[in-house]
Amino acid sequence: MTETNTVTGFIHVFEPGGDPVRKPLLLLHGTGGDERDLLALGRSVAPGASLLSPRGKVLEGAAPRFFRRLAEGVFDEADLSRRTHELADFIEAARSRYGLPAPIAVGFSNGANIAASLLLLRPEALAGAALLRAMPPFRDPPTADLSDKPVLLLSGLLDPIVPAADSERLAALLASEGAAVEHRSLPSGHGLSHTDLSLLTGWLSRL
Ligand code: MLT
């Protein structure tokens with residue numbers, strides 16, 4: 001079902017899943033994507049999971065995003081912080097509307113960056129997160145209690161947008177706050193590969 005309403009505040013799709021053991025997935029698209037982008041991926045990596053997929057509210061030209069940036073890889077951190085809280089409030093409202101436990105975020109690129117920000121600013125909003133091609137969201141990151149929060153970080157060694165050192169820094173940051181981080185660097189670029197999908201499927205099935 002696709003809906004916009006004032007209760008949850010975001011254009012989104014909710015697809016109820018048939019498997020009560022599976023945690024719901026919060027699907028967060030990349031720049032220029034929308035609420036439909038990651039639905040097929042979600043169905044394939046976690047069959048039977050409920051899917052909650054909002055559209056980012058910020059427009060860069062015609063491209064939806066989850067927060068403003070000043071340049072590629074340079075974030076408007078005040079906007080990021082405000083948008084992170086807005087997204088966490090959406091998750092809370094959607095959970096009570098659809099009767100869901102805390103979801104696992106599966107974010108790609110811009111969606112992965114706001115998922116990392118959710119972990120740092122509103123960790124209670126998520127049961128864990130798979131961050132696909134993410135970078136550290138804040139220059140001076142806040143502290144957070146991420147004790148045992150499962151995090152999968154998949155980065156590309158040939159990624160022109162996220163240098164390897166940045167994904168290492170993000171993995172170290174989340175681990176230092178207590179998250180159970182699994183970080184894999186793949187021989188790929190910013191786009192996702194079959195290896196990403198099979199690592200993600202395996203990680204989700206072990207949660
Ligand atoms: C971002 O702006 O979040 C990152 O640069 C990734 C992107 O969307 O290109």
Side-chain angles (χ1 to χ4, degrees), residues 9-12 26-38 41 53-91 105-123 125-126 129-144 146 149 151-177 179 181 183-193 195-197 200:
F10 275 74
I11 295 172
H12 66 279
L26 173 76
L27 302 172
L28 300 170
H29 62 79
T31 300
D34 68 18
E35 67 281 7
R36 307 214 153 264
D37 255 35
L38 297 179
L41 179 146
S53 187
R55 183 192 302 179
K57 287 185 179 185
V58 170
L59 284 179
E60 188 179 87
R65 288 175 51 83
F66 285 96
F67 58 89
R68 281 189 69 228
R69 64 180 163 185
L70 307 174
E72 178 125 328
V74 184
F75 301 154
D76 175 340
E77 294 192 14
D79 187 65
L80 170 57
S81 174
R82 184 167 80 80
R83 300 287 176 183
T84 300
H85 287 292
E86 189 179 53
L87 184 59
D89 293 344
F90 160 74
I91 297 167
V106 174
F108 169 64
S109 190
N110 181 246
N113 295 336
I114 199 160
S117 177
L118 274 170
L119 285 173
L120 292 168
L121 295 181
R122 294 283 291 272
L126 299 178
L131 308 175
L132 314 174
R133 308 299 185 268
M135 62 182 80
F138 297 104
R139 272 175 308 240
D140 186 11
T143 56
L146 299 179
K149 198 83 80 178
V151 174
L152 175 68
L153 178 58
L154 297 179
S155 43
L157 288 168
L158 309 171
D159 189 335
I161 296 175
V162 185
D166 281 3
S167 44
E168 293 293 348
R169 208 151 49 81
L170 179 59
L173 166 68
L174 298 174
S176 74
E177 303 298 348
V181 178
H183 180 201
R184 303 288 292 269
S185 298
L186 309 179
S188 46
H190 199 65
L192 299 179
S193 65
T195 312
D196 285 281
L197 300 188
L200 177 57

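For reference, positions follow the sequence shown, starting with 1. Not measured: the values here are computed from a predicted model.
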Just wondering, do [Y] and [X] contact through their side chains at under 4.5 Å, heavy atoms?
{"X": "L192", "Y": "R133", "value": "yes"}
{"X": "S53", "Y": "D37", "value": "no"}
{"X": "L153", "Y": "S185", "value": "no"}
{"X": "F10", "Y": "E86", "value": "yes"}
{"X": "H183", "Y": "E168", "value": "yes"}
{"X": "L132", "Y": "S109", "value": "no"}

Exercise: identify the closest heavy-atom pair between [X] and [Y]:
{"X": "A115", "Y": "A105", "answer": "CB-CB, 4.0 Å"}
{"X": "L38", "Y": "V106", "answer": "CD1-O, 4.0 Å"}
{"X": "P137", "Y": "S117", "answer": "CG-N, 3.8 Å"}
{"X": "N113", "Y": "F75", "answer": "ND2-CZ, 3.5 Å"}
{"X": "A88", "Y": "A125", "answer": "CB-CB, 4.2 Å"}
{"X": "L119", "Y": "A144", "answer": "O-CB, 3.9 Å"}

Donor-acceptor under 3.5 Å ([X] side chain, [Y] main chain):
{"X": "K57", "Y": "G9", "result": "yes"}
{"X": "E77", "Y": "R139", "result": "yes"}
{"X": "K149", "Y": "L126", "result": "yes"}

Given L197, D196, T195, the one that forms side-chain contact (heavy atoms from CB on, under 4.5 Å) with L154 = D196

Using side chain to side chain donor-acceptor pair (under 3.5 Å) as the criterion, list what pairs up with [X], not counting sequence neighbours.
{"X": "E60", "value": "R69"}
{"X": "R184", "value": "none"}
{"X": "D159", "value": "H190"}

Spacing of [X] atom [atom1] and [Y] atom [atom2] [to the nearest 0.5 Å]:
{"X": "L120", "Y": "E177", "atom1": "CG", "atom2": "CD", "value": "7.0 Å"}
{"X": "S176", "Y": "L146", "atom1": "OG", "atom2": "CG", "value": "8.5 Å"}
{"X": "L131", "Y": "S155", "atom1": "CG", "atom2": "OG", "value": "10.0 Å"}
{"X": "I91", "Y": "L87", "atom1": "CD1", "atom2": "CG", "value": "4.5 Å"}
{"X": "T143", "Y": "L173", "atom1": "OG1", "atom2": "CG", "value": "10.0 Å"}
{"X": "H85", "Y": "L80", "atom1": "NE2", "atom2": "CG", "value": "9.5 Å"}

Ion pair check, R68 and D79, cut-off under 4.0 Å =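 Answer for the salt bridge query: no.
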
request  = Classify the ring geometry between F66 and H29 as parallel (under 30°), tilted (30 to 60°) or perpendicular (over 60°).
outcome  = tilted

query = Run the side chain to side chain contact (heavy atoms under 4.5 Å, CB included) check on F67 and T84 step by step: do they pass?
reply = CA-CA 8 Å; F67 58 89; T84 300; over 6 Å; no

